[in-house]
Amino acid sequence: MTTPSNKTYWKHNIRYLIILLAIWFLVSYVFGILLVEQLNEIRLGGFKLGFWFAQQGAIYLFIMLILIYVWLMRKLDKKFNLED
Amino acid sequence: MDVQAWTYILVFITFGLYIGIAIWSKAASTKDFYVAGGGVSPLANGMATAADWMSAASFISMAGIISFAGYDGSVYLMGWTGGYVLLALLLAPYLRKFGKFTVPDFIGDRYYSHWARLVAIVAALFVSFTYVSGQMRGVGVVFSRFLEVEVNTGVFIGMGIVLFYAILGGMKGITYTQVAQYCVLIFAFMVPAIFISLQMTGNPIPQIGFGAQGSDGVYLLDKLDGLLTELGFNEYTSGTKSKIDVFFITAALMLGTAGLPHVIVRFFTVPKVRDARKSALYALIFIAILYTTAPAIAVFARTNLIETVQDQPYQAMPEWFKKWEETGLLTYGDKNNDGRIQYLADDEQNELVIDPDIMVLANPEIARLPNWVIALVAAGGLAAALSTAAGLLLVISSSISHDLLKKIVMPEISEKGELWAARGASVLAVCVAGYFGINPPGFVASVVALAFGFAAASFFPAIVLGIFYKRMNKEGAVAGMVAGLGLTAYYIARFKLKWIGADVSSGPEHWWWGISPEGFGTVGMLLNFAVALIISRFTPAPPQEIVHLVEDIRIPKGATGPQDH
């Protein structure tokens with residue numbers, strides 16, 4: 001089962017996961033929680049930025065992350081000829 | 001027409017729709033019953049997942065809780081959506097490739113042990129029963145206010161409906177009913193939100209409206225911050241919870257979302273691995289429509305409420321005020337005998353107590369929307385509660401009939417026998433759920449939050465390690481689940497339910513590291529990971545065929561429909 005090509009496929013997959021999950025952590029835990037006061041100094045129309053990330057922004061970015069993941073994996077599946 | 005008549009009409013139509021779908025999509029085999037035959041399209045599965053996932057807590061309670069918690073309410077918004085990123089990236093595609101029926105199936109096979117399967121069954125039942133009790137209370141709240149029946153009668157009606165389509169259709173019936181329920185609930189949630197956003201800010205999109213200016217030119221959020229501080233409350237846009245607690249609660253809700261068996265099992269119903277990824281995306285989009293609107297409703301409702309009641313004569317209160325007083329969810333006591341309502345942060349002077357659960361339901365009335373909109377919200381709340389209850393009942397019944405009966409107790413049971421056992425288990429589960437609905441253990445969202453702690457502390461590490469760490473063995477996984485679940489259960493029994501230890505030592509000042517019971521699932525999860533990794537180091541490696549199984553689920557190629565064994 002572990003052909004060299006499958007191993008490379010898995011390595012690529014893990015790299016995508018690390019990058020995407022790092023962004024996931026950044027927008028929710030860092031922007032929405034840890035740095036919320038500092039970001040609240042900045043305003044986005046009627047929103048304080050930290051508050052906006054916690055109640056809206058993080059959710060939009062979560063959707064983007066999954067969208068990018070679906071797209072990347074689709075390309076990867078094709079490249080390695082591993083489509084189901 | 002009055003609200004009552006509209007409610008009867010809308011509830012009757014929607015219930016008829018659900019029952020009709022159930023009859024049309026009757027389950028013929030165990031595969032139909034457990035995974036809807038494995039042929040659900042990603043779009044339909046995304047909708048069904050969204051309805052399955054968005055419970056009475058999301059629909060009825062969440063916006064209300066946020067409207068009183070302000071920034072602190074963000075834990076629910078980020079926590080309950082961020083988990084889908086984990087689901088899509090770490091769990092869904094691999095579990096789909098694995099291609100069996102239930103979560104204990106995966107745990108039992110991956111960890112080649114009846115003990116692992118048994119622990120998973122116990123955890124699944126624990127999580128599902130904790131969660132379903134919140135849903136039944138939600139059904140009761142909606143019925144008691146809008147159909148003006150006893151709460152208990154409302155629970156019985158809800159039980160009857162769920163029983164009908166869960167037993168007849170199994171997963172197949174539930175899936176297509178949930179698609180209909182999603183449409184009903186999202187329409188019911190958005191219509192009043194759009195109306196109110198237009199009314200208050202002139203912008204039809206609530207997500208933008210709550211950051212916009214009101215007719216007086218002041219930004220709505222600034223106005224609310226001002227109103228609240230004037231009355232002695234905390235500023236809306238900054239929180240009162242400690243940073244560590246917000247961090248841990250958000251994490252527990254995210255990890256719990258990714259570990260909830262009734263959500264995970266939905267990814268077994270699509271034909272292909274890439275459909276599993278796609279349906280996680282659709283699910284989050286459908287969920288986000290409601291979850292980005294809820295904080296807007298929260299701000300509209302709180303502002304409207306303060307402006308309607310604060311320092312107004314009690315006699316001048318509109319009809320909704322009196323109606324909610326009758327349910328006991330809103331109480332007014334004139335402490336200074338001036339006949340006016342003082343709504344203040346100070347308990348000594350405050351004269352108005354409001355249960356957060358009523359905010360979404362009362363919101364259209366507070367904003368004086370037409371009667372049909374108010375009735376629509378009632379139908380939406382019922383759709384949300386019933387869809388989640390049905391999904392959970394299915395997990396409970398399949399845990400008993402498939403995982404326990406077929407896989408452990410009587411492996412030689414026929415398919416027909418198993419199907420009947422599944423239906424019998426559904427009846428049993430509905431009765432237990434109904435009991436919790438009549439004797440609710442607490443208010444909706446906090447009970448639900450506990451279910452997440454359990455899911456985070458048990459399933460999430462076992463599944464993730466099972467996929468990403470080939471060396472993980474049965475000893476490690478079982479010990480990890482037992483430790484994580486045990487510690488979380490202890491902490492909740494100690495500090496939330498107060499069953500253990502003296503009452504005086506159960507307050508927030510005694511919490512470990514300042515973490516509330518709602519956030520403690522994260523600690524349970526960390527302990528689970530740690531115990532699993534350590535124990536697996538000192539015990540034999542998993543057999544060769546398990547290593548092959550793990551290698552196989554990591555690549556999408558060769559996925560087949562869910563296999564019976």
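Every chain is numbered from 1, with letters handed out A, B, ... down the list of sequences. All values below were derived from every heavy atom in this structure, side-chain atoms included, with hydrogens, water molecules and symmetry-related copies excluded.
A centroid separation of 6.0 Å or more is found between the aromatic rings of A/Phe80 and A/Trp10. Residues B/Phe98 and B/Phe268 place their aromatic rings such that the two centres sit no closer than 6.0 Å.
With a 4.5 Å cut-off on non-hydrogen atoms, A/Ile14 touches chain B through its side chain but not through its backbone. No part of B/Leu87 comes within reach of chain A, as not one of its non-hydrogen atoms sits under 4.5 angstrom from that chain. Looking at A/Tyr9, only its side chain comes within 4.5 Å of chain B, counting heavy atoms on both sides. With a 4.5 Å cut-off on non-hydrogen atoms, A/Tyr16 does not touch chain B at all. Both the backbone and the side chain of B/Ala88 come within less than 4.5 Å of a heavy atom of chain A. Contacts of B/Asp72 with chain A are absent, with no heavy-atom separation under 4.5 Å from either backbone or side chain. Heavy-atom distances place no part of B/Ala298 under 4.5 Å from chain A, backbone and side chain included. Contacts of A/Ala54 with chain B are made by both backbone and side-chain atoms, with heavy-atom separations under 4.5 Å. Using a 4.5 Å cut-off between heavy atoms, B/Leu90 contacts chain A through its side chain alone, with no backbone atom that close. At a 4.5 Å heavy-atom cutoff, the contact between B/Ile285 and chain A is made by backbone and side-chain atoms alike.
Between B/Leu284 atom CG and A/Ile66 atom CD1 the span is 4.5 Å, to the nearest 0.5 Å.
A distance-only check finds no donor-acceptor pair linking the side chain of B/Ser279 to the backbone of B/Asn45 [under 3.5 Å]. Side chain of B/Lys97 to backbone of B/Lys557: a donor-acceptor contact under 3.5 angstrom is found.
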Requested in this report: Quick one: do A/Tyr29 and B/Phe247 satisfy ring-ring contact (aromatic ring centres under 6.0 Å, His included)? Show the steps, please.
Outcome: CA-CA 7 Å; A/Tyr29 293 93; B/Phe247 195 97; 4.7 Å; yes
Requested in this report: Report the C-alpha distance between B/Asp245 and B/Ser516 in whole Å, list the side-chain angles of each, state the deciding distance to 0.1 Å, and finish with yes or no for side chain to side chain donor-acceptor pair (under 3.5 Å).
Outcome: CA-CA 6 Å; B/Asp245 202 22; B/Ser516 60; 2.9 Å; yes
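Heavy-atom pairs under 4.5 Å with chain B were tallied for A/Leu61, A/Asn81, A/Leu65, A/Leu34; the largest tally goes to A/Leu34. In terms of heavy-atom pairs under 4.5 angstrom with chain A, the leader among B/Pro556, B/Ser74, B/Gly211 is B/Pro556. Contact count versus chain A (heavy atoms, under 4.5 Å) is highest, among B/Leu281, B/Val218, B/Asp275, for B/Leu281.
For the pairing with B/Tyr84, the ring-ring contact (aromatic ring centres under 6.0 Å, His included) check across B/Tyr291, B/Trp53, B/Phe286 returns one residue only, B/Trp53.
Donor-acceptor pairing under 3.5 Å is recorded for the side chains of B/Gln207 and B/Thr293.
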